[in-house]
Structure formats: structure tokens, C-alpha cells
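Shown below is the structure under consideration.
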Amino acid sequence: MSGGLVLKRVVVGVLATNCWILHARGDRRALVVDPGDEPGRILAAARGLDVVAVLLTHAHFDHVLAVPDLAAAWRVPVLAHPADAPVWPHEVAAARRAGHWDAGTATAELLARDPASLAFPAGAVLWDGAVTPVADGEILRVGPLEVRMLHTPGHTPGGVSLAVDGHLLTGDTLFPGGPGLTGPPLSDFPAIIRSVRRLLDLPGTTRVHPGHGPDTTVAAERPHLESWVARGW
Ligand SMILES: [Zn+2]
Ligand SMILES: [Zn+2]
């Protein structure tokens with residue numbers, strides 16, 4: 001929490017995705033970002049709030065699996081950048097072929113530890129992929145909060161980061177120690193570097209909340225940008 005912002009983290013799913021629930025202190029209207037799995041826990045965490053929308057930083061399976069259940073419970077729009085439209089169909093097609101979700105470089109280890117952990121849910125209701133498009137620079141109002149959309153492609157073509165009240169939700173675009181993976185299909189390293197450069201132009205005190213793992217700040221990461229460019233990942 002800082003200022004008027006309440007930012008609640010719910011860690012969900014096999015890849016320990018950070019699902020975020022944000023609202024202004026003293027206001028019930030809330031935005032839910034990246035409901036990656038475990039809809040029951042997200043519903044419980046949002047109890048007492050009036051969820052106005054779900055927003056996806058991108059459409060990888062580990063950020064969207066709870067969307068159908070939550071959209072049915074809350075009857076709210078699912079916001080995402082339209083350039084990510086190919087990502088979810090690609091995720092589903094790859095999972096159908098392989099019999100499990102593709103977790104990138106973590107796949108082999110996860111399957112070795114627990115073959116069921118990435119299981120493609122044969123009979124389950126999958127998200128239909130329908131979104132309400134958001135655009136770069138758009139301001140989404142959540143009660144008194146102004147949440148600014150930043151199109152930050154590279155990890156996926158339609159990745160977005162959210163800037164609100166000195167905080168930045170970066171999805172899988174920026175983590176402590178570098179940009180997100182650009183090995184997956186539809187990823188692009190030069191594009192993610194352009195996106196990260198733009199994010200690191202924000203004030204140094206900006207708190208960065210990635211899609212997995214711990215937080216960082218713009219000031220902590222900015223000095224390392226050129227070394228990430230040089231290493232190429
Ligand atoms: Zn991702
Ligand atoms: Zn992820």
C-alpha cells in the first residue's frame with residue numbers, strides 16, 4: 001500500500017503467478033490483473049470489493065486460466081491489448097498438440113516433478129479469448145484511481161504494463177534482474193528492450209510489481225539495462 005492505493009497480491013497456479021487486486025483505499029471499486037489460476041482464492045481475496053474489470057498483461061496460460069470462472073461470477077469486461085490476439089489460440093493449439101501447457105524453459109522440470117502440474121484440462125471450460133481492447137496511453141478509471149496503460153510488447157506482441165500512483169505492474173515484461181523471456185514463440189528481444197527502456201524512464205522511486213516473484217524499483221534496475229542488451233536476453 002502507498003498513498004491512496006491498495007495493491008493486494010494473490011500468488012496462483014503452477015508458475016506462481018502474481019494476480020493483483022488494486023483499488024483506492026476506502027473505495028470498493030477494484031481492478032483484477034492477471035487471474036492466472038485458482039479462481040476460488042481470487043474470489044475470496046476480492047470479497048467485499050466491487051470488481052469493475054479484469055485486465056490481462058498478456059495472454060499466456062499462466063495469466064488467464066481463471067478468466068472464465070471470474071468473468072462468469074463478476075460479469076465484467078476482460079481488458080487486453082488487441083495485438084495479443086494470436087497468443088491465446090497459439091497457447092491452446094500448442095497444449096492440445098503436446099498434451100500439456102508450454103511453460104517455456106520450466107516445462108521439463110515441472111513435468112518431471114509432477115506430470116499433472118501442466119495438464120491440459122481436457123473437459124474444462126477454456127477462456128474464449130474475447131477481450132475489450134485497451135490502447136497505449138489509455139487511462140482506465142477504477143473509482144478515484146487513474147490506471148495508465150502502457151503497450152510494452154516483446155514478451156508477447158500485445159503485452160501491457162500498468163502505471164498507477166507511483167506503482168508499475170509489468171506482467172512478464174520486466175523483473176528484478178532483467179526483461180522477461182523472449183524465447184517463446186511470438187516473442188521479440190529488440191521489442192522487449194524498447195519496452196523496458198521506456199519503463200525505466202519512469203521516476204526511479206516507481207515500485208515495479210512483476211508477473212512472478214518479488215518487487216523491485218526503477219532505480220534498482222535502470223543501471224543494468226545496457227548489460228541486459230549486451231548479453232542478449
Ligand atoms: Zn508470459
Ligand atoms: Zn507469466
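A quick note: this is a predicted structure, and the numbers were derived from the prediction, not measured. When a ligand or atom number is given, it counts from 1 through the structure's own listing order.
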*Could you tell me whether the Zn ion (ligand 2) has an N, O or S atom of His58 under 2.8 Å away?*
no

*Test item: Leu140 and Arg148 side chains (from C-beta on) under 4.5 Å apart, heavy atoms*: no

*His58 and His81: aromatic ring centres closer than 6.0 Å?*
no

_How large, to 10°, is the angle at the Zn ion (ligand 1) when you draw lines to NE2 on His155 and to OD2 on Asp172?_
90°

_Main-chain N/O of Val87 paired with Asp84 side-chain donor or acceptor, under 3.5 Å_ = no

*If you check every N/O/S atom of Asp62, which is the one nearest the Zn ion (ligand 2)?*
OD2

*Within the stated cut-off of 2.8 Å, is an N/O/S atom of His60 closer than that to the Zn ion (ligand 1)?*
yes

*Under 30°, 30 to 60°, or over 60°: which ring-plane class applies to Phe120 and Trp101, parallel, tilted or perpendicular?*
perpendicular

*With the Zn ion (ligand 2) at the apex, how many degrees lie between NE2 of His63 and NE2 of His212, rounded to 10 degrees?*
110°

*asked:* With a 4.5 Å cut-off on side-chain heavy atoms, are Val78 and Trp127 touching?
replied: yes

